[in-house]
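Here is the structure we will look at.
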Protein chains: 2
Amino acid sequence: MAQKPSIPKGTRDFNPEEVAKRNYIFNTIRQNFERFGFQPIETPSFENSETLMGKYGDEGDRLIFKILNSGDFLNKADQQAYDAKDSHKITGSISEKALRYDLTVPFARYVVQHQNEIEFPFKRYQIQPVWRADRPQKGRFREFFQCDADVVGSQSLWQEVEFVQLYDAVFTALKLEGVTIKINNRKILSGIAEVIGAQDKLIDFTVALDKLDKIGEEKVKEEMLEKGISQSGIDKLQPLFTLSGTFESQIAQLKTILSTSEEGKKGIQELEFIDKAISELKLHTANLQLDVTLARGLNYYTGAIFEVSAPEGVSMGSIGGGGRYDDLTGIFGLKDVSGVGISFGLDRIYLVLEALSLFPETITNTVKALFINFGEAEAMASMKAIKELRNHGINAELFPDHKKTIKQFNYANKRNIPNVVLVGESELASETFTLKNMASGAQQSVDLNTLVSLLGN
Amino acid sequence: MAQKPSIPKGTRDFNPEEVAKRNYIFNTIRQNFERFGFQPIETPSFENSETLMGKYGDEGDRLIFKILNSGDFLNKADQQAYDAKDSHKITGSISEKALRYDLTVPFARYVVQHQNEIEFPFKRYQIQPVWRADRPQKGRFREFFQCDADVVGSQSLWQEVEFVQLYDAVFTALKLEGVTIKINNRKILSGIAEVIGAQDKLIDFTVALDKLDKIGEEKVKEEMLEKGISQSGIDKLQPLFTLSGTFESQIAQLKTILSTSEEGKKGIQELEFIDKAISELKLHTANLQLDVTLARGLNYYTGAIFEVSAPEGVSMGSIGGGGRYDDLTGIFGLKDVSGVGISFGLDRIYLVLEALSLFPETITNTVKALFINFGEAEAMASMKAIKELRNHGINAELFPDHKKTIKQFNYANKRNIPNVVLVGESELASETFTLKNMASGAQQSVDLNTLVSLLGN
C-alpha cells in the first residue's frame, strides 16, 4: 500500500503546537473547575446503544456513530430487516454499542448507576471527546472535545451565581477580557407565553423570539403569526422587542409585562437573586447581561439559561452555554435530581485566542536547550550536563547524530528551541560549555553550575 | 426506561479519585517526556479502515472495532457477501472507519502524511486511548490508554540511552524505585539463530526461548526440537541457558557464543555502547539488565528491545516496553525511516502504585475548605471570602443549600475536604471566620487575611 494516507473527514491530527495550545485551554479550564470545587469523572468512549438512543431526538439518533458487533454479526441480524434490506431497522441487531454523542447523557447514566457512592450535591466536571456523524464544515467536526461542569442534587441559586463567576474566572485567566455572559430563565419565557395566551406554543414562540437578533422584529412577528400566535398576543409582546437598558431596568420592565404570571414572577425573582449576588461579588472582566430572547435547547432547561459570547469585534457565535434542568436523570429512572451546568466550546475558544493572539508565546517553546553533537566523547559530556539540567527541572536534549553543525542549528531553529549548547574539543578539555542564544546570537563560555542557573530562569 | 443503566463490558467509569490518580501518572509521564525533548501529537480516535486493517495480523484485524457507515449502509453493501450472509466479507462495504487499535500505526500514518511539515529527527509522544475487542478479563480492557514516546529519523544509539534514562526518570518520579529495565537486541537473537543453523526458524526459536523463565530449560529445548531445530544446534545453545552475572560478564560470554556471526557481533557492539553510556551517566533508582531471552513482538523490532518489570515482590508482568524498528513508515510508502520507541503500561503502573501505597495523599484532597451555609446573608459573606481565596489560587466552595450543619459537615468529611469555615450570625457581625480543621477538630477565629494565609499553605 503506497497510496498517500489520510484521515476520515471531519477528524483532525493535532501537531505539537496545536496540542500545546489546546492543553493550555484545557488546563486553564480544569484548574478553575477545581478551584470552584468540581471533581473530574471520565466515562467510556462508547456506551450501550440503549443508553444513548432516543435521548437526542430522531436527528440526534441518526448522528450517533454505531459500532459494528464483532464476530458473525449477520447471524444475529434481525431477519425481517435483513430481508427488507432496511438499514435503519437492522442497526439495533448488528450494533450494540455507540460512541458518545455528548457528555450530558453519559453523566446522567453515571449518576444513576453510581448513586449510592456519590455524595450529593455532586459537582463534577468532564473533559472528553464526543463524536457526531454531522456533515463536516468549517468549525464543525465529527470528533471534538466537550468541557462540562455540572452540579446535581441542589436547587440552590448559588450554583447559578457560581457558574457566572466560573465563566468569568476562566475567560479572565485566558486573558480573553470582555466576554458577555447572557442569562435568561425558562420561567420568563413560559410567563410571556402565558401572558399572551400561547402556553401551548411555547416552543414555536421561543424559536421565533430567539431569531430577533438575526431577522429583526417584523420577521419575528410574521413567524409568530404563521405559527398561530394571535395578533393580540403579539401586540402584548411589543415591550419585549424594545426591552433595553441595564439588567435592573430590564427587570423592572419585565415586572410590568409579567405582573399576571406566577411563573414569570418566579423567573424574575431568580434572575434578581443572581444579578444582586453578582453585583456584590463583582466580575473580573466579563459582563453579565439579561437577554430574554435567549432560548438554547429550551425543552431541556427549566430555570436559568446561559450563553457566552466572545468580546465585541470577534464574530464567533457562542463560546459557552448551559442552564438548569430539573430532571436529567429521570430518563434512567432516578427522579427529582435537579441539576445545573455549563460547558465551554473549546474549538471556538481556540479560534478566538488565535485571532486575538492571546496564546502565551512560551507555550510552544518547551525545550530550553539543544546540545550540538560533535561526536561520541563530546556527546557523552553533553549527556552528563543534560542529566544535570533535567535534574533541575530544565527540558533539554542532545541532537542524536553527529551531523553538520549547520543542520543541527537549523533543527534548533525549526523546533523553536531558544538556546544551543556547544561542547566541542576545547570545551571538553576545559570542562566548559558554550551557550548560544538563538535569537540574539550572543554566546558565552560557562561552567556547569552557571549553565544550570542561566537555563533555569 | 427504568432499567438500571450499565456500561459495555471491558469499559470503565472513573470516579474523581481514580481520575486524579490516573492524571498523576499521566502528568508525571508527560512532564518527563517533555523534559527529554519529546513533543505531543494527537490523532483521531477513528481512522480510515484501510489505514488499520492488515497491520496487526488476522487476530488483530478481528479485534479492531469497526464503525458502521451512516445512512442507508445496506444499499452499498457488497451484494455477494450480503447474499451469502458473510459477516467477514461484508464488513469492508458497510464500515469505512475503525477505532484505533494502538498508537503506533496512526503515528506512522501521521509521519508519512505530514512528512513535509516535520523536522526530523521527530521526537513525539502521544497519550491517548485505544480500543480492542478482546475478551475482557482482570486487568485487560476494551478501552485503555497508551503512553508512547518515539523518535523517528535517527539511527543514533544515544536514543536508546535516552530511553533507558527516561524510564528511570519516570519511575523515580513516581517513587517506584527498583524497577528492572531489561534490554536485548534483535541482532543477538538473529546471531544465535545463525550460529545454531536455524536462521529460517528465528521466530520459533525466539518464541521458545522467551518462555525460559516460565517453563524452564528442558521444556524450552523440547519445544525447539519439536519445531525442527537440530539437537546439535540446541547443544550449542547450552551456554545461553546458564548465562548469568553482570551485564559485562554476560556480554563476555556472548562474545564467545557469537564469535562467528557478524550480525551477532553488531548486536553486542550496540549493547555495549548502551551499557557503557548508562554506567557513566548512572541511573537514579532503576536497574539495567541484559536479558537474551527477551523477544517481544520480534517481527517488529530490528535492534534494541526493552521491557520494564516492577520491583521485586510485586508480581505484575511488564509495566513498559519498546524497541527499535527500522521500517515503520514503509507500510505507508515512506522507506528508510528508522525509529525507536517505548511505552508505559498505565493500568499496570496504577495497580503497582496502589499495591505499594505510592500515590501521594494530597492527590484526592483538592478542595481546601468548605464554607458552611447558614442562610442568605451569611452565604453572601462566605462567597466574598471564597472569591478572595480563589484569587489566591486556593480551591474553596460554599455548601449550596442552607441545610442542617451536621449534614454539611458530613459532606466535607465524605468529600475528604480538610477544613470547614463557619460564617454564622456572630462571625457576620464581627467580620471574622471560624476555621475548623476536620482531622484535629481544632478551631480558631480569624480575619480574612489570616484565613487566606492559613489555607494558602
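Bear in mind that the values here come from a model prediction, so they are computed numbers and not experimental data. Lettering of chains follows the sequences in order, A, B, ..., and the numbering in each one begins at 1.
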[X] versus chain B, heavy atoms under 4.5 Å apart: side chain, backbone, both or neither?
X: A:F120; answer: backbone
X: A:E376; answer: both
X: A:N373; answer: side chain
X: A:I394; answer: backbone
X: A:K66; answer: both
X: A:E119; answer: both
X: A:A108; answer: neither
X: A:A396; answer: backbone
X: A:I94; answer: side chain
X: A:K368; answer: neither

(request) Report yes or no: does B:S156 contribute a side-chain atom to a donor-acceptor pair with the main-chain N or O of A:D401 at less than 3.5 Å? (result) no
Look at [options] and state which one has the largest set of heavy-atom pairs under 4.5 Å with chain A.
options: B:E34, B:R62, B:M380; result: B:M380
options: B:R22, B:Q31, B:K123; result: B:K123
options: B:R124, B:H284, B:E96, B:H402; result: B:H284
options: B:T43, B:D72, B:V367; result: B:D72
options: B:Y110, B:W158, B:Y82; result: B:Y82
options: B:L99, B:I64, B:T366; result: B:L99

(message) If you compare all heavy atoms of A:P5 against all heavy atoms of B:R109, which two are closest, and at what distance to 0.1 Å?
(response) CB-CG, 3.5 Å
(request) Of all the heavy-atom pairs spanning A:S6 and B:E47, show the shortest one and how long it is. (result) O-OE1, 4.2 Å
Approximate separation, where rounding is to 0.5 Å, of [X] [atom1] and [Y] [atom2]:
X: A:T11; Y: B:K97; atom1: OG1; atom2: NZ; answer: 9.0 Å
X: B:K85; Y: A:F73; atom1: NZ; atom2: CZ; answer: 11.0 Å
X: A:R35; Y: B:N391; atom1: CZ; atom2: CG; answer: 9.0 Å
X: A:L334; Y: B:K4; atom1: CG; atom2: NZ; answer: 10.0 Å
X: A:Q165; Y: B:M383; atom1: CD; atom2: CE; answer: 4.5 Å
X: A:T91; Y: B:L74; atom1: OG1; atom2: CG; answer: 7.5 Å

(message) Checking B:H114 against A:D13 for the side-chain hydrogen bond (donor to acceptor under 3.5 Å, both in side chains) test, could you report, in this order, the C-alpha distance in whole Å, the side-chain angles of both residues, the deciding distance, and whether it holds?
(response) CA-CA 10 Å; B:H114 301 281; A:D13 281 331; 2.8 Å; yes
Among [options], which residue forms the greatest number of heavy-atom pairs with chain B at distances under 4.5 Å?
options: A:A20, A:P106, A:P40; result: A:P40
options: A:A379, A:G71, A:S95; result: A:A379
options: A:G37, A:S70, A:A277; result: A:G37
options: A:L370, A:N48, A:I41; result: A:N48
options: A:R12, A:Q159, A:R415; result: A:R415

In terms of heavy-atom proximity below 4.5 Å to chain A, should [X] be classed as side chain, backbone, both, or neither?
X: B:S154; result: both
X: B:A98; result: neither
X: B:I90; result: side chain

(message) Would you say B:E143 and A:S45 are linked by a side-chain donor-acceptor pair, where the criterion is simply a distance under 3.5 Å?
(response) yes
(message) Pairing donors with acceptors under 3.5 angstrom, does anything connect the side chains of B:S87 and A:N75?
(response) no
(request) Mind checking ring-ring contact (aromatic ring centres under 6.0 Å, His included) for B:Y411 and listing every partner two or more places apart, or none if nothing turns up? (result) B:F399
(message) Could you work out, with ring-ring contact (aromatic ring centres under 6.0 Å, His included) as the rule, every residue matching B:F65, not counting sequence neighbours?
(response) A:F46
(message) How about NZ on B:K21, more than 12 heavy atoms from neighbouring residues, nucleotides or ligands closer than 6.0 Å, or not?
(response) yes
(message) Does anything in residues 384-395 of chain B form a salt bridge (Lys or Arg N to Asp or Glu O under 4.0 Å)? List the pairs, not counting sequence neighbours.
(response) A:E162-B:R390, A:E280-B:K384
(request) Spell out the residues in residues 125-135 of chain A that have some non-hydrogen atom less than 4.5 Å away from a non-hydrogen atom of chain B, in order of number; otherwise answer 'none'. (result) A:W131, A:A133
